Amino acid sequence: MEKIDNLDKQILEIISRNARIPFKDVAAECGVSRAAIHQRVQRLIDLGVIIGSGYEVNPKSLGYRTCTYIGLKLEKGSMYKSVVAELKKIPEVVECHFTTGPYTMLTKVYARDNEQLMDLLNNKLQEISGVVSTETLISLDQSIKKEIPICQED
């Protein structure tokens, strides 16, 4: 992978705070041309450093008031890919991680309420072939959400 220099890091720091900031404002803050910012951002996208863009939707505004983390234990770890394929069919599953520790997988799931959560658990997640057991942790409040810090080299 190509080296990320200090200008790249400065650009990443600025756009990670506000992805909708105009390139002319980023250019002014960095002391370079708007064309240079455009080229740098495109290069960072091509390198896979910037992996997405868009708007973040507040789940509560759509009626999803319950955020849960559900640990899944599988019969065999090798079943991971087939279980992921089934999880992708469930719109309320927004994240899935293959993990170490007590669970084979850890998912983040949104539900409108506890009744829908129970339905998701009993009739969807636990019905997936290979899922042996689940453990549900309800998030009461999200206290921190941020991007990884972009550190300057010393």
Side-chain angles (χ1 to χ4, degrees), residues 1-6 8-23 25-26 37 40-154:
M1 186 165 157
E2 288 187 44
K3 186 169 172 56
I4 306 299
D5 65 18
N6 284 336
D8 292 330
K9 289 179 182 179
Q10 188 178 8
I11 293 166
L12 289 168
E13 180 69 36
I14 294 165
I15 65 174
S16 69
R17 288 191 312 258
N18 177 5
R20 294 181 283 181
I21 189 171
F23 281 175
D25 295 349
V26 177
I37 297 300
R40 290 287 186 124
V41 168
Q42 188 58 54
R43 183 176 143 273
L44 292 167
I45 291 168
D46 293 344
L47 290 172
V49 175
I50 297 173
I51 54 173
S53 64
Y55 298 98
E56 185 176 341
V57 177
N58 180 351
K60 289 180 182 178
S61 70
L62 300 175
Y64 292 94
R65 297 186 311 267
T66 304
C67 174
T68 60
Y69 293 88
I70 302 172
L72 289 81
K73 292 183 183 177
L74 305 184
E75 285 178 39
K76 296 182 283 185
S78 61
M79 301 177 90
Y80 176 74
K81 287 183 181 180
S82 64
V83 172
V84 167
E86 293 302 311
L87 290 171
K88 285 181 178 180
K89 297 175 186 176
I90 305 170
E92 295 85 359
V93 176
V94 297
E95 287 184 26
C96 177
H97 304 268
F98 193 29
T99 62
T100 62
Y103 314 115
T104 312
M105 304 167 73
L106 185 65
T107 61
K108 182 176 182 180
V109 177
Y110 283 102
R112 294 185 186 282
D113 51 35
N114 288 346
E115 288 76 25
Q116 185 191 20
L117 176 59
M118 189 167 71
D119 180 63
L120 287 166
L121 285 166
N122 293 337
N123 299 317
K124 294 192 177 166
L125 295 171
Q126 293 172 351
E127 291 295 315
I128 296 173
S129 180
V131 173
V132 176
S133 66
T134 61
E135 184 173 347
T136 304
L137 305 162
I138 295 177
S139 172
L140 300 174
D141 185 42
Q142 179 177 324
S143 303
I144 298 173
K145 180 175 176 141
K146 61 184 179 179
E147 293 296 319
I148 194 78
I150 293 108
C151 302
Q152 298 292 326
E153 287 184 23
D154 293 327

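What you see is a predicted model; the values in this text were computed from it and never measured. Atom set for the values below is all heavy atoms of this structure, side chains included, hydrogens, waters and symmetry mates excluded.
Partner of Arg40 under the side-chain contact (heavy atoms from CB on, under 4.5 Å) criterion, chosen from Asp8, Leu12, Ile45, Val26: Asp8.
A distance of 14.0 Å separates CG in Leu120 from OH in Tyr110, rounded to the nearest 0.5 Å. The distance from the CD atom of Gln42 to the CG atom of Leu47 is 10.0 Å, given to the nearest 0.5 Å. We find the CG-OG1 distance between Leu106 and Thr100 to be 10.5 Å, quoted to the nearest 0.5 Å. The CD atom of Gln116 sits 10.5 Å away from the CG atom of Leu121 when rounded to the nearest 0.5 Å. In this structure, SG in Cys96 is found 12.5 Å from CD in Glu86, a value given to the nearest 0.5 Å. Going from atom CD1 of Ile4 over to atom CG of Leu44 covers 5.0 Å, rounded to the nearest 0.5 Å.
The backbone N or O of Arg20 sits less than 3.5 Å from a side-chain atom of Asn18, completing a donor-acceptor pair.
Lys9 has no carboxylate O lying under 4.0 Å from a charged side-chain N of Glu13, or vice versa, which leaves the two without a salt bridge.
Here the closest non-hydrogen pair linking Gln142 and Ser139 is N-OG, 4.4 Å.
Contact annotation: the side chain of Leu125 approaches that of Val93 to within less than 4.5 Å [non-hydrogen atoms, C-beta and beyond]. Within the 4.5 Å cutoff, side-chain heavy atoms of Leu87 are placed close to those of Met105.
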> Can Gln10 and Asn6 be said to form a side chain to side chain donor-acceptor pair (under 3.5 Å), step by step?
Replying inline: CA-CA 6 Å; Gln10 188 178 8; Asn6 284 336; over 6 Å; no
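Within a 6.0 Å radius of CD1 in Ile51, other residues, nucleotides and ligands contribute 12 heavy atoms or fewer. The local environment of CD in Glu95 is crowded, with over 12 non-hydrogen atoms from other residues, nucleotides or ligands closer than 6.0 Å.
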Side-chain donor/acceptor pairs under 3.5 Å, residues 63-74, sequence neighbours excluded:
{"unit_1": "Tyr64", "atom_1": "OH", "unit_2": "Arg112", "atom_2": "NH2", "d": "3.4"}
{"unit_1": "Thr68", "atom_1": "OG1", "unit_2": "Val109", "atom_2": "O", "d": "3.2"}

